[in-house]
Amino acid sequence: MNFNLSEEQAMIKDSVARFIADGYDFDQRTKNVAMEHGFNPSNWQTFAELGWLSIPFPSAFGGFGGSAVDTMVIMEEFGKGLVAEPYVATVLLFGGLLARSGDGEIQQELIASIIDGSLQGGFAYHERQSRFELSDVKTTAVADGDRYRLTGEKTVVFNGAAANKLIVSARTAGDQCDENGISLFLIDTEADGVSVTAYPMMDGQQAANISLNNVGDAQLIGELHQGFGLMQTVVSDAMLALCAEAQGIMQKLTETTVEYSKTRKQFGTVIGSFQALQHRMVDMFVAGEQARSLLFRAVCSASANSQYANKDLLALKVMIGRAGKLIGGEAIQLHGGMGITDELSVGHYVKRLMMINTTFGDADYNQRKFIKLSAELD
């Protein structure tokens, strides 16, 4: 099988890599996450100008019509640069739901605004009690003419503070944990009854809790009661992208640790000459390459719409969680006490890996899902 990038994909990769090398070093990244919404708006406009925001969207909406491979290329480079701008939240989650919803007029208008960088969005799906279960939804929607009124609370909404609009999951039928009976609604964050409480996450990026108090004028996205399937599809796309980001982070941590071992001296010699430490760095490299192999498999399965695509994705998420813990832990230990300080980038990369592990289910949760799905497919 040919794993070489196409000419266009290589150009995308080089474009992102140059952007990070020229203006997104660790010091600049620290300044970016200290801004009001946890990222630099001017960078977002640069993303729009370079066409990165259009890549996942079909050409019918003015997009590039990119595949899972194109998204992987972008996210892996973002991981290496520890990019904080809300690409996953706005483009892949919010934009992905719009693109797959089938609501043509809304799609054309809002996706065009995402592509030109003028619209920030978010997906409000998580609730206090739901943990990793997408189907555990207490937020309710009640019909009000041809629109709906929403009541409930959503937590850990990525990009929630910066978002102009949100897509919210709410229950329109069934019991609290039923997959059937969940619908998706588009709301404006400035609407009456919407309360936003923003806070920084451990990786420096921002999230928000969204309180919905009888919020009116909510517009149905997709089919009534059938939002769970749409959610699953888009979340799978985003999960694959996050795994690609993690792959970039793990590669960066391994390379940084190896370079550090060539300069840090102990007992009169560089620590990279100690065989015991060499073995540990080899373990880091091997863990990263194992994860990369599963990443390629999952991306190929997704691109081909394979019946095993979900199984491959779950296996990848488990491997990313396991490999990320090993590589992150070794990177910190081999850098010594300074590895976890705020002044050094290593600890920030590790914190981002920890956040990726817990987003859409940690390694243990996804391993249980993998075992269950494997039994069903056998």
Side-chain angles (χ1 to χ4, degrees), residues 3 26 29 72 75-83 88 132 201-205 238-264 266 270-299 311-371 374:
F3 291 113
F26 178 64
R29 193 263 182 185
M72 177 192 74
M75 292 303 299
E76 191 169 351
E77 294 303 315
F78 279 178
K80 294 175 186 177
L82 207 57
V83 171
V88 171
F132 301 138
M201 305 292 283
M202 65 181 295
D203 60 354
Q205 299 189 25
M239 189 187 300
L240 186 54
L242 288 173
C243 289
E245 180 187 353
Q247 185 63 47
I249 292 173
M250 292 189 294
Q251 180 179 336
K252 181 69 174 181
L253 281 174
T254 301
E255 292 172 352
T256 300
T257 303
V258 171
E259 288 303 311
Y260 178 76
S261 75
K262 295 177 181 179
T263 58
R264 175 72 168 92
Q266 188 64 272
V270 294
I271 64 174
S273 65
F274 301 147
Q275 191 175 50
L277 300 190
Q278 291 174 3
H279 288 171
R280 292 172 68 173
M281 286 182 279
V282 168
D283 289 341
M284 293 172 68
F285 175 79
V286 170
E289 290 304 297
Q290 288 177 328
R292 182 179 297 280
S293 296
L294 274 179
L295 174 62
F296 286 173
R297 180 185 178 95
V299 167
K311 180 181 177 182
D312 292 338
L313 177 59
L314 292 173
L316 171 63
K317 191 66 162 61
V318 173
M319 179 60 76
I320 289 293
R322 302 281 190 261
K325 182 178 181 180
L326 185 150
I327 292 171
E330 293 288 26
I332 288 175
Q333 288 193 25
L334 292 174
H335 276 81
M338 64 185 294
I340 199 62
T341 61
D342 284 344
E343 289 73 18
L344 201 67
S345 65
V346 171
H348 295 268
Y349 279 101
V350 175
K351 289 175 183 177
R352 180 59 187 155
L353 278 179
M354 294 170 68
M355 282 301 304
I356 290 173
N357 177 46
T358 58
T359 303
F360 305 128
D362 61 16
D364 292 339
Y365 172 82
N366 283 295
Q367 184 170 35
R368 291 193 292 271
K369 290 184 66 176
F370 174 83
I371 293 170
S374 297

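Two residues are said to be in side-chain contact when any heavy atoms from C-beta on lie closer than 4.5 Å; V350 and I327 fail this criterion. Using a 4.5 Å heavy-atom cutoff, the side chains of M355 and M202 are in contact. Residues T257 and E330 fail the side-chain proximity criterion, which asks for heavy atoms closer than 4.5 Å. Residues F296 and R292 meet the side-chain proximity criterion, which asks for heavy atoms closer than 4.5 Å. Residues M250 and I320 form a side-chain contact, since some pair of their non-hydrogen atoms from C-beta on lies under 4.5 Å apart. Taking the side chain as every heavy atom from C-beta outward, L344 and H335 approach each other to under 4.5 Å.
The line from OG1 of T256 to CD of Q251 is 10.0 Å long, rounded to the nearest 0.5 Å. Here CE of M239 is found 9.5 Å from OG1 of T359. Values are rounded to the nearest 0.5 Å. For the atom pair L277 CG and Q333 CD, the distance stands at 10.5 Å (nearest 0.5 Å). Here Y365 contributes atom OH and L314 contributes atom CG; the two are 9.0 Å apart, rounded to the nearest 0.5 Å. Atom CG of residue N357 and atom CG of residue N366 lie 8.5 Å apart, to the nearest 0.5 angstrom. For the atom pair I332 CD1 and I340 CD1, the distance stands at 3.5 Å (nearest 0.5 Å).
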Show the numbers, then the answer: is there a side chain to side chain contact (heavy atoms under 4.5 Å, CB included) between L240 and L295?
CA-CA 8 Å; L240 186 54; L295 174 62; 4.2 Å; yes
Check the pair E255 / K252 against salt bridge (charged side-chain N to carboxylate O under 4.0 Å, His left out), numbers first and verdict last.
CA-CA 5 Å; E255 292 172 352; K252 181 69 174 181; 5.6 Å; no
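When every heavy atom of A287 is checked against every heavy atom of A323, the shortest pair comes out as O-CB, 3.8 Å. Between A238 and V88, the shortest heavy-atom distance links the atoms CB-CG1, 4.2 Å. Contact record, V270 with S261: CB-O, 3.7 Å, taken as the closest heavy-atom pair. Closest of all the heavy-atom pairs between Y349 and L253 is CB-CD2, 3.7 Å. Considering all non-hydrogen atoms of both residues, Q247 and G288 come closest at NE2-O, 3.1 Å. Between L316 and C243, the shortest heavy-atom contact is CD2-CB, 3.6 Å.
At least one donor-acceptor pair under 3.5 Å links the side chain of K317 to the backbone N or O of G361. With hydrogens and angles ignored, the 3.5 Å screen pairs a side-chain donor or acceptor of H348 with a backbone N or O of D342. Listed for the K262 side chain is no donor-acceptor partner under 3.5 Å among the backbone atoms of I271.
Crowding of K311 atom NZ: a count of heavy atoms from other residues, nucleotides or ligands under 6.0 Å exceeding 12. Residue-environment remark: CE (M354) stays at or below the threshold of 12 foreign heavy atoms within 6.0 Å. In F132, the CZ atom is crowded: over 12 heavy atoms of neighbouring residues, nucleotides or ligands sit closer than 6.0 Å.
Under a 4.0 Å N-O distance rule, the pair E77/K80 qualifies as a salt bridge. Taking the charged nitrogens against the carboxylate oxygens, E245 and R352 do have a contact shorter than 4.0 Å, which makes a salt bridge.
Looking only at atom types and distance, the side chain of Q290 has no donor-acceptor partner in the side chain of R322 under 3.5 Å away.
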